[in-house]
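Working notes, structure below.
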Amino acid sequence: MKKLVSFFFLLTVFLIIILPTLIARGCSGEEVRTPVEIDRSPIISPAGEITLKVFNHQSEELVEMPLEEYLVGVVAAEMPASFAVEALKAQAVVARTYTVNQMLAFGGKGCDRHAGADICTNSAHCQAWESEKSSLAKWQGEGAEYLNKIRSAVGATAGKVITHEGRLIDAVFHSTCGGHTENSEDVWSTALPYLRSVACNFCTDSRWTETQHEFTAAAFSEAIVPYVSALPVSASGRPLLEQGVRSATGRLKSVLIAGETVTGRDFRTAFKLPSTNVTWQITDKKITFTAKGYGHGVGLCQYGANGLAKQGKTYTEIIEHYYTGVAVTDIPVS
Ligand SMILES: [Zn+2]
Ligand SMILES: [Zn+2]
């Protein structure tokens with residue numbers, strides 16, 4: 001009888017406690033996740049509904065979209081969705097600033113390649129954007145969770161833009177600065193008061209912090225020949241690359257190759273290097289470049305923004321770190 005009682009006791013324990021746990025964990029022993037629902041509640045800007053005309057390169061058509069919905073597709077395309085929420089918010093504000101600055105309704109120049117368009121989805125011309133369908137396919141299992149994260153980052157900053165002395169800034173950004181961001185005039189011709197070089201040791205998580213790129217003398221020659229008229233290697237096949245002119249942060253402004261000046265920008269393009277912050281080592285018939293960072297280095301450093309967010313900084317603090325003397329404000333009423 002005693003045995004029977006303890007048997008029923010154990011059976012009860014199994015049915016009440018152990019069995020539900022096993023069911024919840026599934027047969028493979030992995031925890032069964034309840035599917036995340038996509039929250040598509042409309043994102044309302046305090047400035048009221050603003051729409052813009054976007055030329056979509058995928059569908060080859062001009063479409064009208066609410067600004068905030070458009071920005072969800074921009075943040076999804078421009079920043080890894082795995083980044084911390086405050087970094088995603090900073091990216092949303094940067095993208096909104098860029099977009100509003102370009103909108104015809106706000107006195108911007110629009111996209112000059114597509115008549116009537118405020119902006120196009122070609123990242124090399126205007127700004128990267130991807131459809132919700134593309135984002136979800138890219139994120140696979142994490143899709144709904146990532147989309148909700150980006151929608152909430154855009155929603156939490158709805159209507160916010162970056163201004164300097166009351167005017168929208170040119171909100172440029174890049175992937176990884178590699179230690180210091182760059183002064184605007186050292187990359188382009190104009191010195192802008194809010195695009196100043198700042199220290200950033202927050203982007204060390206990026207795989208672009210430091211990378212190596214190796215070229216044989218023949219590959220070196222082939223890559224640089226379009227930019228020089230003389231043969232860029234010596235008779236013995238040694239690459240003829242001399243020390244360059246550098247900005248205060250170490251980025252190449254120009255280099256001498258076989259006695260000819262090549263700009264840092266052309267040099268980066270020729271060798272498909274991630275940045276102009278490059279040093280090199282030449283051994284017989286081989287050259288190894290060491291590059292720091294990825295991108296032009298001006299304005300917000302995306303990996304740095306993520307690093308700062310992980311340290312507990314807010315999106316406003318992140319923006320104020322990378323853009324000197326700016327304010328985060330509501331979209332100016334024109
Ligand atoms: Zn365009
Ligand atoms: Zn950085």
Side-chain angles (χ1 to χ4, degrees), residues 52-65 67 70-71 73-74 77-80 83-84 86-88 90-91 94-95 97-106 108-130 170-184 186-187 195-211 247-251 274-278 291-311 313 315 317-324:
L52 78 164
K53 291 202 170 97
V54 182
F55 185 85
N56 183 346
H57 276 272
Q58 230 172 3
S59 61
E60 292 289 315
E61 58 184 4
L62 190 62
V63 281
E64 190 160 346
M65 284 187 214
L67 171 66
Y70 162 74
L71 292 171
V74 175
E78 300 273 25
M79 184 176 261
F83 275 19
E86 292 301 311
L88 292 168
Q91 184 76 46
V94 162
T97 306
Y98 179 87
T99 308
V100 173
N101 217 353
Q102 194 168 314
M103 283 175 66
L104 298 160
F106 287 90
K109 60 179 172 48
C111 166
D112 58 14
R113 286 199 194 157
H114 305 285
D118 287 298
I119 211 154
C120 75
T121 59
N122 175 0
S123 64
H125 190 241
C126 287
Q127 183 163 248
W129 175 90
E130 63 188 28
D170 187 5
V172 289
F173 65 92
H174 58 279
S175 161
T176 307
C177 76
H180 280 91
T181 68
E182 188 63 299
N183 289 320
S184 58
D186 286 329
V187 176
L195 296 178
R196 300 295 87 208
S197 171
V198 295
C200 167
N201 51 14
F202 317 111
C203 53
T204 47
D205 270 1
S206 168
R207 72 182 183 95
W208 296 105
T209 300
E210 196 172 288
T211 50
S247 71
T249 66
R251 290 177 175 87
S275 80
T276 56
N277 199 342
V278 182
K292 281 186 184 171
Y294 185 37
H296 51 59
V298 187
L300 179 127
C301 165
Q302 290 180 302
Y303 275 83
N306 191 37
L308 281 168
K310 287 201 274 189
Q311 285 183 13
K313 296 281 188 273
Y315 77 92
E317 288 170 322
I318 294 168
I319 287 167
E320 286 169 352
H321 178 73
Y322 291 108
Y323 302 105
T324 307

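Every number for a ligand or one of its atoms is a count from 1 in the order of the listing.
Taking the centre of each ring, Tyr294 and Tyr303 stay at or above the 6.0 Å mark.
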Might you work through the side-chain contact (heavy atoms from CB on, under 4.5 Å) test for Tyr315 and Gln91, ending with a clear yes or no?
-> CA-CA 9 Å; Tyr315 77 92; Gln91 184 76 46; over 6 Å; no
After noting the C-alpha distance and the side-chain angles of Cys111 and His125, does the key distance pass the side-chain contact (heavy atoms from CB on, under 4.5 Å) rule?
-> CA-CA 8 Å; Cys111 166; His125 190 241; 3.5 Å; yes
Hey, mind stepping through Leu62 and Val54 against side-chain contact (heavy atoms from CB on, under 4.5 Å) and telling me if it holds?
-> CA-CA 6 Å; Leu62 190 62; Val54 182; 5.9 Å; no
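His125 contributes ND1 as its N, O or S atom closest to the Zn ion (ligand 1).
The Zn ion (ligand 1) has no N, O or S atom of His114 closer than 2.8 Å. For the Zn ion (ligand 2), the set of nearby N, O or S atoms under 2.8 Å includes one belonging to Cys177.
For the pair SG of Cys200 and SG of Cys301, the angle at the Zn ion (ligand 2) is about 120°; rounding is to 10 degrees.
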